[in-house]
Number of protein chains: 2
Amino acid sequence: MKKGKKYSYLYERPALAADTVIFGFDGETLKVVLTQRKKDPFKSRWALPGGFVFMDETTEQAAKRLLLEKAGLKNVFIEQLYTFSDMDRDPRERIVSVAYYALVNARQYEISAGRDTLKTEWFSLQDMPKLAFDHSKIIKLAAERLKGKVSYQPVGFELLNEKFTLPQLQALYEAILETPIDKRNFRKKILSTGLLLALDEKEKNVAHKAAQYYSFDKKMYKELGKKGFHFEL
Amino acid sequence: MKKGKKYSYLYERPALAADTVIFGFDGETLKVVLTQRKKDPFKSRWALPGGFVFMDETTEQAAKRLLLEKAGLKNVFIEQLYTFSDMDRDPRERIVSVAYYALVNARQYEISAGRDTLKTEWFSLQDMPKLAFDHSKIIKLAAERLKGKVSYQPVGFELLNEKFTLPQLQALYEAILETPIDKRNFRKKILSTGLLLALDEKEKNVAHKAAQYYSFDKKMYKELGKKGFHFEL
DNA sequence: CCAAAAGTGTTAAGGGTACACCCATGC
DNA sequence: GCATGGGTGTACCCTTAACACTTTTGG
């Protein structure tokens, strides 16, 4: 190993960014937040909310900060997805991006446009515009990850209101897994986890039998020690 | 958002490194490759093989290059694990590390000490020395990831010879999952995947009934389209 | 012939899947 | 009273889990 080009890392380093796929659920389809770019490159194209990582923050802190700056979101579930480092990700220069995904309640939060963005909006996963950079690739990977995650951890609750009905929860699972689920089997299975708490409250003003509200029993989840959850199909 | 400190990323960037957890199996326990550091910080401490990412390579390419340089390994299964970015990971300066894990056949490859290392050796996961940086944390995460992975993808074969016996394969699963497995149930399940090809060759020179050799049917695996594998307990 | 590990089948229990009708509510 | 979606139970099948003896080989 010689000195010279190979040691250029001492002087030259890739820039480090964080981008986040924010998932939300509107009752029908899975959505993600996109921001429209105000500047080149890819001026006016839609992109994931993201930006550079500062020297005094971890990549996760950066992702959270950018969530707030670019979409007005705070205190959300967030988890690291993957690090993208292809040489030509960004036309300007080399940028390595640590991608995260976040789960938020799309109805509870107002999404607000932030710095460097023209607009910030929810887009259905089924119906996405052409994206900047390699962001479609990132979203695709995030959707797959979520599919896997939902089948062994009760993350779905992050996407719903604190109280929700079983039909709502089922619709969410169907949207994430992209497959229809049998109503009775779904109820049996999800209730058998013991993680749902039936509230004594029902839907109102619906032109059919009112659905029971439930909430997620976080205490029980901690007691179960995150074991013994398995949700196939 | 003001200019100033917050924009320091334009001038100052974290260094970017890649570290790899190399798993091997000696027939009894899971092992990982560690290298003893020749320089400060943590001079003479054991650490994961790793190093800086150059400007003309992806993090995965860097991990592969470092595998070759530091441990003499080539053409191995490698997959991204997680990106570590805590501020105080490295006492010198801020270094963000993209961690990978690799699966190699510990018997087939000779491990050789590389540049900047005193020695390079296999260590049993059960019996690890005190490590430099946050490398124990990385190894712990890698072991968990491998546990999960092995139950839905047939990765175990990367750790064995091309031909192997079912008792060998079972011992590997037991080592990874850290739990004993029933012999008959294991055979039934693993054979029912249709991914094993019985060779017409048996063990030799063993003081007991000779075990049948099998190989992994890669063609069949591709045909099955990576679906329908599920290995619980 | 002895030691040591490979190989083999059955049963019982639990979980998954498929499936159709009645109920509550608003209009 | 009608349309709409919520809520409920059962039967079959397949998978899992538990479990003990015979076979082959080298020494």
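First the proteins, then the strands, lettered A, B, ... as listed; each starts at 1. This structure is a prediction, so every number in the text was calculated from the model and none was measured.
- The separation between A/I190 atom CD1 and C/dT17 atom P is 14 Å, rounded to whole Å.
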Donor-acceptor pairs under 3.5 angstrom involving side-chain atoms of residues 167-175 of chain A: please list them, not counting sequence neighbours.
| from | atom 1 | to | atom 2 | distance (Å) |
| --- | --- | --- | --- | --- |
| A/Q168 | OE1 | A/T165 | N | 3.2 |
| A/Q170 | NE2 | A/E174 | OE2 | 3.2 |
| A/Q170 | NE2 | A/I181 | O | 2.8 |
| A/E174 | OE2 | A/I181 | N | 2.8 |

- [ ] Could you check B/K209 against B/E203 for salt bridge (charged side-chain N to carboxylate O under 4.0 Å, His left out), going step by step and ending with a plain yes or no?
- [x] CA-CA 9 Å; B/K209 184 168 175 180; B/E203 264 185 328; over 6 Å; no
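- Atom CZ of A/F186 and atom C1' of C/dG16 are 15 Å apart (whole Å).
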TODO: Please test A/L196 against A/L166 for side-chain contact (heavy atoms from CB on, under 4.5 Å), starting from the C-alpha separation and ending with a verdict.
DONE: CA-CA 10 Å; A/L196 293 194; A/L166 292 190; 3.5 Å; yes
Task: Full working for salt bridge (charged side-chain N to carboxylate O under 4.0 Å, His left out) between B/E69 and B/R65 - done: CA-CA 6 Å; B/E69 282 179 20; B/R65 170 178 56 77; 3.1 Å; yes
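- Put simply, A/K189 has no side-chain N or O that comes within less than 4.0 Å of OP1 or OP2 on C/dG15.
- Between A/F164 and A/F157, the ring centre distance stays below 6.0 Å.
- The terminal axes of the helix from C/dC1-D/dG27 to C/dC27-D/dG1, fitted over 5 pairs per end, subtend an angle of 0° to the nearest 10°.
- Between A/F216 and A/Y221, the two ring planes are tilted [angle within 30° to 60°].
- Across the protein-nucleic acid pair, B/Q170 atom CD and C/dA5 atom P stand 14 Å apart, rounded to whole Å.
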- [ ] Encode nucleotides 18-27 of chain D as B, S and - characters from 5' to 3', where the letter depends on protein heavy atoms closer than 4.0 Å: B to the base, S only to sugar-phosphate, - to neither.
- [x] BBB--BBBS-
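- Ion pairing of A/K137 with A/D86 is present here, as a side-chain N (NZ or NE/NH1/NH2) and a carboxylate O approach within less than 4.0 Å.
- Between A/I181 atom CD1 and C/dC19 atom P the separation is 17 Å, expressed in whole Å.
- Scanning all heavy atoms of the two residues, the minimum distance from A/F133 to A/R89 falls at CD2-O, 3.4 Å.
- Across the protein-nucleic acid pair, A/L191 atom CG and D/dG6 atom C1' stand 13 Å apart, rounded to whole Å.
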